[in-house]
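Shown next, in structure tokens, is the structure this report addresses.
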Amino acid sequence: DVKVTQSSRYLVKRTGEKVFLECVQDMDHENMFWYRQDPGLGLRLIYFSYDVKMKEKGDIPEGYSVSREKKERFSLILESASTNQTSMYLCASSYTVPLLEQYFGPGTRLTVT
Amino acid sequence: QKEVEQDPGPLSVPEGAIVSLNCTYSNSAFQYFMWYRQYSRKGPELLMYTYSSGNKEDGRFTAQVDKSSKYISLFIRDSQPSDSATYLCAMSDYTGGFKTIFGAGTRLFVKA
């Protein structure tokens with residue numbers, strides 16, 4: 001079974017803090033993704049990576065950065081957390097061929113106060 | 001206008017009912033259509049996918065795509081309380097890009 005794990009299920013941070021969200025997958029997938037999920041807005045892509053040290057901006061990259069130093073690990077960084085970044089963050093991974101099924105982690109519920 | 005529109009519900013049905021979940025989309029380039037199921041406090045998991053138009057059946061689930069109307073559906077027959085979850089439609093044009101567009105999800109409750 002594919003397993004995607006995220007470092008925390010729940011996180012509370014203060015405005016202005018630097019926040020690290022970690023994601024690890026164990027299926028040797030080439031691609032990894034970070035989404036945020038908000039009620040009524042669905043899943044919105046923040047960043048994705050198709051190879052180690054490679055990254056591409058998604059639809060809402062502002063205020064975020066990512067790091068992929070190893071194939072199995074993809075980190076999302078909130079440089080200076082703000083209250084509008086309070087959300088559910090979901091990490092996913094996939095093979096390149098076929099590029100259809102994404103395997104999701106359980107999510108991190110981040111609250112910024 | 002969002003690229004993918006999905007009624008958020010909630011949709012509440014009695015056990016055994018036939019459930020119909022729907023999405024509309026605006027991008028005619030979409031070729032792959034997926035349905036993900038997300039249980040409470042879990043990440044989404046792929047339920048079914050179809051390519052282009054037509055129907056696909058898997059047990060109690062049927063996915064239907066009408067590209068001419070830009071409309072996709074997921075039917076659940078003989079619904080069970082264990083089907084209670086949020087169902088997200090998703091679609092991709094798969095032109096070498098990596099972006100899948102997700103609907104907002106429909107929350108389904110199946111009452112015993």
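Remember, predicted model here, so these are calculated numbers, not experimental data. A, B, ... follow the sequence lines: proteins, then strands. Residue 1 opens every chain.
Using a cutoff of 4.0 Å between basic side-chain nitrogens and carboxylate oxygens, K70(B) and E5(B) are not scored as salt-bridged.
In summary, the aromatic rings of F33(B) and Y25(B) are positioned with their centroids under 6.0 Å apart.
Contacts of Y10(A) with chain B are made by side-chain atoms alone, with heavy-atom separations under 4.5 Å and no backbone atom involved. Residue P8(B) does not touch chain A at all, counting heavy-atom pairs closer than 4.5 Å. Neither the backbone nor the side chain of R44(A) comes within contact range of chain B; no heavy atoms are under 4.5 Å apart. Heavy-atom distances place both the backbone and the side chain of L43(A) under 4.5 Å from chain B. Interface remark: Q38(B) contributes side-chain atoms only to the contact with chain A (heavy atom separation under 4.5 Å). Proximity to chain B (any heavy atom under 4.5 Å) is shown, for Q6(A), by neither the backbone nor the side chain.
By the 30° and 60° cut-offs, the orientation of the rings of H29(A) relative to Y95(A) is perpendicular. F74(A) and W34(A) have tilted rings, their planes meeting at an angle from 30° to 60° on a 0 to 90° scale. Ring orientation note: the planes of Y35(A) and F102(B) are nearly perpendicular, at an angle over 60° on the 30°/60° scale.
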